[in-house]
Amino acid sequence: MTDVKKGAGAAARTSVSVAVTGSGGAGVMTAGNMLLAAAAKAGWYGLMVRSSGPQIRGGEAAALCRFATHPLDCLDDRFDVLVAVDWENLHRFADEIPLDSASLLVGDPAQGNPPEVYVKSAARYAQLGIKGIAKAISGSWPNMVVLGVAAGLIGLPKDAVRAVVEKTLKKSRDGLAPSLAAVEAGYEAASRIGGDAKLAPPGPRSEPRWLISGNQAAGYGAVRGGVRFVAGYPITPATEVLEWLAPALADVGGVLVQAEDELASINMIIGASFGGVPSLTATSGPGLSLMIEALGLAVAAEVPIVVVDVMRGGPSTGIPAKSEQSDVSIAVNGLHGDAPRIVVAPNSVSDCLVTTQWAVHLAETLQSPAIVLSDQFFGQTRAVVDRPPDATYAGRRLTAAPNADAYKRYAVTESGISPMAIPGNPGTAYTADGLEHTDRGIPSSGARDHTIQLAKRERKLLGHEYGDFWADIEGEGDIAVVTFGSCTGPVREARSRAAADGVQTRLVSMRLLAPAQADRLAKALAGVKRVLVVEQNHSGQFLKYLRSEFQLPGEVKSFRRPGPLPIRADELHHQLVDWSRA
Amino acid sequence: MTDVKKGAGAAARTSVSVAVTGSGGAGVMTAGNMLLAAAAKAGWYGLMVRSSGPQIRGGEAAALCRFATHPLDCLDDRFDVLVAVDWENLHRFADEIPLDSASLLVGDPAQGNPPEVYVKSAARYAQLGIKGIAKAISGSWPNMVVLGVAAGLIGLPKDAVRAVVEKTLKKSRDGLAPSLAAVEAGYEAASRIGGDAKLAPPGPRSEPRWLISGNQAAGYGAVRGGVRFVAGYPITPATEVLEWLAPALADVGGVLVQAEDELASINMIIGASFGGVPSLTATSGPGLSLMIEALGLAVAAEVPIVVVDVMRGGPSTGIPAKSEQSDVSIAVNGLHGDAPRIVVAPNSVSDCLVTTQWAVHLAETLQSPAIVLSDQFFGQTRAVVDRPPDATYAGRRLTAAPNADAYKRYAVTESGISPMAIPGNPGTAYTADGLEHTDRGIPSSGARDHTIQLAKRERKLLGHEYGDFWADIEGEGDIAVVTFGSCTGPVREARSRAAADGVQTRLVSMRLLAPAQADRLAKALAGVKRVLVVEQNHSGQFLKYLRSEFQLPGEVKSFRRPGPLPIRADELHHQLVDWSRA
Amino acid sequence: MTTATARPTVPISARDFKSDYNPIWCPGCGDYSVVLSFTRAFASLGLRPENTAVVSGIGCSSRIPAYLTSYGFHGVHGRSLAAAAGLKLARPDLTVVVASGDGDGYSIGGNHFMHACRRNVDMTYVVMDNHVYGMTKGQPSPTTEPDWNSKLSPGGTGVRTFHPLVIALAAGANFVARAFSGDPSGTANVLVEAIKTPGFSFVEILSPCVTFRPEQREWKNAVRPAPVGTTNDPARAARYIMTDDGFNLGILYRGERAPYQPPMGRGNKQPADLEKGFAI
Amino acid sequence: MTTATARPTVPISARDFKSDYNPIWCPGCGDYSVVLSFTRAFASLGLRPENTAVVSGIGCSSRIPAYLTSYGFHGVHGRSLAAAAGLKLARPDLTVVVASGDGDGYSIGGNHFMHACRRNVDMTYVVMDNHVYGMTKGQPSPTTEPDWNSKLSPGGTGVRTFHPLVIALAAGANFVARAFSGDPSGTANVLVEAIKTPGFSFVEILSPCVTFRPEQREWKNAVRPAPVGTTNDPARAARYIMTDDGFNLGILYRGERAPYQPPMGRGNKQPADLEKGFAI
Ligand SMILES: Cc1ncc(C[n+]2csc(CCOP(=O)(O)OP(=O)(O)O)c2C)c(N)n1
Ligand SMILES: Cc1ncc(C[n+]2csc(CCOP(=O)(O)OP(=O)(O)O)c2C)c(N)n1
Ligand code: SF4
Ligand code: SF4
Ligand SMILES: [Mg+2]
Ligand SMILES: [Mg+2]
């Protein structure tokens, strides 16, 4: 379903989805990125998801774009426009790029026939000799024609597109003119094709906007939170967090090291944080699994660290480049021994910034490891967002004064937090230890010391005042949707569609997964008769976790599906409306 | 509370607990082992728990023994007799060796005074010049005197003790005579001390009996289950599983390799099992944490393996030589992605045998990793047990026939189990893969293949008929105790004591933790109004797991405490009786 | 190499060792030719698909098992040598070859590499070295030049390159060779010798990553047969390898260590015989 | 070594570096003297407890940090070098020393050892080698003789011993020495040089495990000063070490590689400056 702005005429939409596809070398990602940049420049919001086959390079690829007059947190259920440079392997994208009778399919008849599934979709097929047009303009490429077509079809001002093309190609004098000509030709073709996929004019730009991916946002959140040491090992889809941080940290006087493996990277950040420097690593499922032992060390020795887990399809190597929310169980439960830890989850691309910053703040304040559960969708999606607010979360660790009297590193305090002596501080030398210990840090296998320290470590997390940021709570009604992370976007859209149908619902998008906030959730769900728990995995890990920690009120339903297909607003909308009538 | 056999006279007890303590080099472990061997020889049941300070060698040590006319699964709440060679650091054992006014403390006044805590206990203090007696017999040692004293006090026939001493010292001709003399002197002293700690005569020995530790039992269970390849890395308290297996496997034509680390050991056994040979490793918490990534590989590639996790105090390095049940969460939840696995827990020393054998059977049958949750108490306790029955669980893997037509390794079957081609089998070459794959094993990132394979892997575990062995269910009544592992022993004792008070309870000791058997548990708890969940950890991991998978009926209470102190029958007894009256 | 138990009945050609599954590699990737070398070596040794197992980790290079018709094991990143050792020790009748990359084998897998060299299990370890993490799109590996610029290490890592052949020798590998993917028959010949030599054989194959290290297309002009022959003196081999420029091809060392033999008892007991130790 | 920022005001003696916590070691364990050598070396270098950090893993030898008065980090088994590298890179002002054992350092920690040698972060790595896993009660380590009998490896592992000094050199360590715990002042002197030498310094200390390897009490009769002096030629050092019997003491190699310098930008930007990259 595509929103139509009331009174703006049938052709002016508040949200339009466009996919550009083609086989290896066709440059569809470039076209998509330019489209996004142009829309951003012209004042729209938008996002772009990259999708490609298993090939390292040169396989089929799709740029999945959505543009709107309002901020976007997810793709739409369907696409208004699909521009295909060729048909090769296009059927592989059929699930990811659903078309229907209201859609427009633009393709090159010289490349053969559209795939069966699209023929059946009853989308209008506009034939366009894309390659021929490009060939006719010497030195131009089909993807620039496609850029023009797509931009024209959705009504992007030509100036914005031209500006982006000029900026991108400013170093290649020869390429510019033919590219601009191809774009021009694309616009002409679009005007011939017509259709009703035009975007409504953008609203006024109140705040500064950014074009950012979730992985970049997480990196910047880390820096804003005070992280100045990062060690990491490359892994899809987390590598960009590290790649963004490498020059950024150098610029602000921090350090990033590429470690030999994940065992090294997490132990490196623990060592650095022991040295007083807020530290972080980023990884995905397989790497997180390798970090489990050292996460326990950070719990026991009370060393603050942050691990950003950009989730992908599992188990094992699974589906490396696709999104899934299936690391909930390992994040909240995956350590040996009684090992309380912090687990937070951003719920939009831009929230990757603030939530990562918050994670640093919590880790530092509570001298504990914090896991940030991002995912491939957030991490690798580029989105136009309002510049996030300047959050005040800054790492502030309780440190020991010089020559503290009879210093006890693990002193038993009411809050459970004990002042941490930072190397360099005179008179407070101590040994941090992963063995159970006394308050001084001396290894102890005594039942008393063990119970005291277990309780202290639990208390400092449970007793903390996390504030309203623990969840985004919206709406009223006796149906509640409880979710987290990248399912929040589709749930939000589904709720507003349901509201349009007269079905009022509540949203609880949990940002703080662990420690569980039982009282707060109970309050958020007060009066609720039905709870829909939404998550993107096979076994219902989030629901199981909720059940283990909370007594969910009323009737509980699980809405879940593993990756790689996103959960769509449409299906949630139907679920909510049907349930409200059941 | 100590059971007294009805009609057997006040002095003849069906269960007696004796501790022998001393500082480094005093040989108390030797004395304890000999006591146990002699009691076994003479027809009693018994067990011995080793407890020692943090010193590698030479620190204070205690042999905690219990003897009885019936099989034993746990220590008693208190000790009848404590024989202390010296007082050094004895206070450290105060929690582990509780004495009361009915207890007898035997010690050497020449070593000073008993520790305050024991003086306060009001135990009878029998002064005995242990070192003096030993000194008077040239070539003898105090621990042999202690052996005689303890044996005499509980009424072990002298012949049995002599035979054990002779067997142990048969190679040291010089040492034998003085040792026997010292034992003799100990017996004399005992008869002077007197007391009412005499064991009732043993019952007839119906079946063959063994003296075995849980770690040995697990090793033998593995061999009986068909395991012929083991790789491992030493770790307390699991090393003895490997050390028992090293010569044993060689004897039966199998192989054990010491790996460079746990990452290697688990990947080695996966490789060996891919080769068709049932394979196993043994470890404890820190090692299990390092195996998490490869456990996921075994799930995804469907390679059967068994990991015996002998739990110790956590988190992190924690308390290496002491027992705790705090690896439940990681075992049932600790993998990334949706990764169903088998988790079983033996509930007695001898059950370590059958349950490990069952784990091999399940792993092989279901082509899945299986985790055996043993613990330090089982692993390192030596116990006299009835020879366990010859269980029929033998690993039987569904294998592919030679030249199977269009062989599909991950064929989608109704049961979820697909024939596995073993290298050497012609015409069925395939590649096992931790990437998501098609039924042929070809890597696939498609939503359909992913959903199908996730469901298949889940189905094969959920659909299996596990039989009654999933739990030990005993008794009737509207209070049920749900527990697992080494808490089962104290729960059993508490239940029979409660029954003596007229409080009938049910026991559900779960042997199969995962996959959760919701229907079976519901049946076992039908009609129950109150559920007491007993476990030995701080955060209630088992209860949380139960909550995540089951709807527990009625009022639910958690009874838990972390290690190293065992959960005692006494406190459970009170809990049950108090609750029944509440 | 252990002779396969089932004797070949029909001669097997190199083509029989290829699978029908299309590689996901970039056009021009060096690894394509390595598949060819594997199949040729297997055929010329008279192996049979059912008695051959190719084990790998994760990386572009580690995708090889699926492109072959033989038993294949595509495990987790960096642990192929452990899986292969388990397989070979449990199934000594199989011919086991391990395929890896410079990231998989020398970075995350470095410990298993050293210990595999020491342990000397009878198998062949092939590393397709392209001095980069190809699969994750271009980060420096241990063999990457210290000044190679990348997003993750702007301006270069500044870290000394890892010398796989020197380490292999120092750790005790029994066979050390260097090959070039651009010479598939030379590579096949080296593989044949590696597989034939008992114990742990190590073959480093220079295999260009045309996507992230396009300059490696020039390797074909840099490689040459090593000017010295095969030695069985590890010190001599070490001296030679330490000073070469990394482009000398051939079998540089072949030792005579007996392969690892796990402790074996008489092996003729029944499980029940073990009970005697428990009886009271 | 980096000079501590806070200049010593009161001279610090070796005793000031001892802690008041009693070692858990067996009487006679070689590691007792290593504590002594650490304290002497620290004092003679004029270090201060607050600017010195000792990092370790798990094992008897790894218990050392608690026996010293300095900042200590007793982490998990095998990962001490990683933790230490993180600490030193984040806090270059500290003097960082790592204490390990032959199991912790060469078995589970082997990969970090190799990569630490390559990376050459300015710190000192001390391994107390007793050719056994002491803490877990007597299993073979990589340096254990292949024929040493134990419960876990009846009749011996049959695996070639690991040569730590050869590997260190091959991997790029900048300073390689061997010491003996029975000679605490000799060991202290070696430690002083190791700490003073920039880059990654490796000191192997022969330190007997009297409980599980009582025959190591004889080591005191076997050790001797190396007949050759310190060289800065890695090939020469390798040749020499490969052929020694493991009992030659002294600084065998000292190189001149510049220590690792992580990529540094101008370092003068504010976080907000980074936002420019996102602005539309
Ligand atoms: C535990 C883990 N960490 C990281 C990754 C991500 N990863 C996949 S392949 C690879 C590097 C591959 O490099 P190399 O072995 O040189 O192979 P190439 O692709 O260059 O052939 C990495 C880091 C992973 N899959 N698993
Ligand atoms: C991950 C993990 N695996 C295994 C262990 C058990 N463990 C503790 S110390 C040790 C070996 C110690 O040997 P070494 O480093 O030589 O020290 P030593 O005790 O001989 O000084 C082992 C295997 C552990 N603590 N953690
Ligand atoms: S990225 Fe490099 S190594 Fe990977 S397939 Fe492409 S060319 Fe080959
Ligand atoms: S076991 Fe060995 S290394 Fe450990 S303290 Fe005792 S003598 Fe020292
Ligand atoms: Mg590579
Ligand atoms: Mg050692």
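Scope of the values below: all heavy atoms of this structure, side chains included, with no hydrogens, waters or symmetry mates. Proteins get letters first, then strands, A, B, ... in listed order; numbering begins at 1 in each. Quantities reported herein were computed from a predicted structural model and do not represent experimental measurements.
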**Residue A:Tyr220 versus chain D: region with a heavy atom under 4.5 Å** = side chain
**Complete:** Bottom line for A:Leu211: the part with an atom under 4.5 Å from chain D's heavy atoms is both
**Prompt:** Is chain D contacted by the side chain of A:Ala231, its backbone, both, or neither, given a heavy-atom distance below 4.5 Å?
**Reply:** neither
**Item:** Heavy-atom proximity to chain A below 4.5 Å, by part of D:Tyr21
**Value:** side chain
**Prompt:** Out of A:Ile270, A:Leu435, A:Leu256, which one racks up the most heavy-atom pairs below 4.5 Å with chain D?
**Reply:** A:Leu435
**Message:** Between the side chains of D:Arg118 and A:Glu260, is the shortest nitrogen-to-carboxylate-oxygen separation below 4.0 Å, so that they form an ion pair?
**Reply:** no
**Message:** I need the minimum non-hydrogen distance between A:Glu293 and D:Arg79, along with the two atoms involved.
**Reply:** OE1-NE, 4.4 Å
**Request:** Give the C-alpha distance, both sets of side-chain angles, the deciding distance and a yes or no for side-chain contact (heavy atoms from CB on, under 4.5 Å) between D:Gln270 and A:Val252.
**Result:** CA-CA 6 Å; D:Gln270 290 304 309; A:Val252 299; over 6 Å; no
**Prompt:** Could you walk me through whether A:Leu353 and D:Phe278 pass the side-chain contact (heavy atoms from CB on, under 4.5 Å) check?
**Reply:** CA-CA 12 Å; A:Leu353 194 166; D:Phe278 305 138; 5.6 Å; no
**Asked** What is the minimum heavy-atom distance between D:Pro271 and A:Val223, and which atoms define it?
**Response** CB-CG1, 3.9 Å
**Complete:** Heavy-atom nearest pair, D:Tyr71 first then A:Gly424, reads CE1-N, 3.7 Å
**Message:** I'd like to know if A:Arg440 and D:Asp20 make a salt bridge, using a cut-off of under 4.0 Å between side-chain N and carboxylate O.
**Reply:** yes
**Fill in**
Under 4.5 Å to a heavy atom of chain D? For A:Ala217 that would be neither
**Message:** Would you say that D:Arg91 contacts A:Ile422 through its side chain, given a criterion of any heavy-atom pair below 4.5 Å between the two side chains?
**Reply:** yes
**Prompt:** Within a strict 4.5 Å, meaning less than it, do heavy atoms of the D:Glu275 and A:Arg224 side chains meet?
**Reply:** yes
**Request:** Tell me, out of A:Pro402, A:Pro208, A:Pro443, who's got the most heavy-atom pairs with chain D below 4.5 Å.
**Result:** A:Pro443
**Request:** Mind listing the closest non-hydrogen atom pair of D:Val76 and A:Asn267 along with its distance?
**Result:** CG2-OD1, 3.7 Å
**Asked** Between A:Lys41, A:Gln216, A:Arg228, A:Met268, which residue shows the highest count of heavy-atom pairs closer than 4.5 Å to chain D?
**Response** A:Met268
**Fill in**
Max heavy-atom pairs within cutoff under 4.5 Å with chain D, candidates A:Ala432, A:Ala298, A:Pro247, A:Gly441, goes to A:Ala432
**Reported OG1-to-CG distance for the pair A:Thr431 and D:Leu68, which is rounded to 0.5 angstrom** = 7.5 Å
**Asked** If you count heavy-atom pairs under 4.5 Å between each of A:Ala300, A:Gly276, A:Ala294, A:Pro426 and chain D, which one has the most?
**Response** A:Pro426
**Prompt:** Tell me, side chain or backbone of A:Ala40 under 4.5 Å from chain D's heavy atoms, or both, or neither?
**Reply:** both
**Asked** Do you know which two heavy atoms are closest between A:Phe229 and D:Ala90, and how far apart they sit?
**Response** CD1-CB, 4.1 Å
**Item:** Top of A:Gly296, A:Ala272, A:Ser279, A:Gly253 for chain D proximity - count of heavy-atom pairs under 4.5 angstrom
**Value:** A:Ala272
**Message:** I'd like to know which of D:Ser70, D:Ala279, D:Pro262, D:Pro49 tops the heavy-atom pair count under 4.5 Å against chain A.
**Reply:** D:Ser70
**Asked** Any side-chain heavy-atom pair from A:Val257 and D:Tyr260 closer than 4.5 angstrom?
**Response** yes
**Item:** A:Arg205 vs D:Ile280, side-chain contact (heavy atoms from CB on, under 4.5 Å): CA-CA, chis, key distance, verdict
**Value:** CA-CA 11 Å; A:Arg205 199 186 298 192; D:Ile280 288 167; 4.1 Å; yes
**Verdict with reasoning, A:Thr428 to D:Glu50, per side-chain contact (heavy atoms from CB on, under 4.5 Å)** = CA-CA 8 Å; A:Thr428 52; D:Glu50 63 268 26; over 6 Å; no
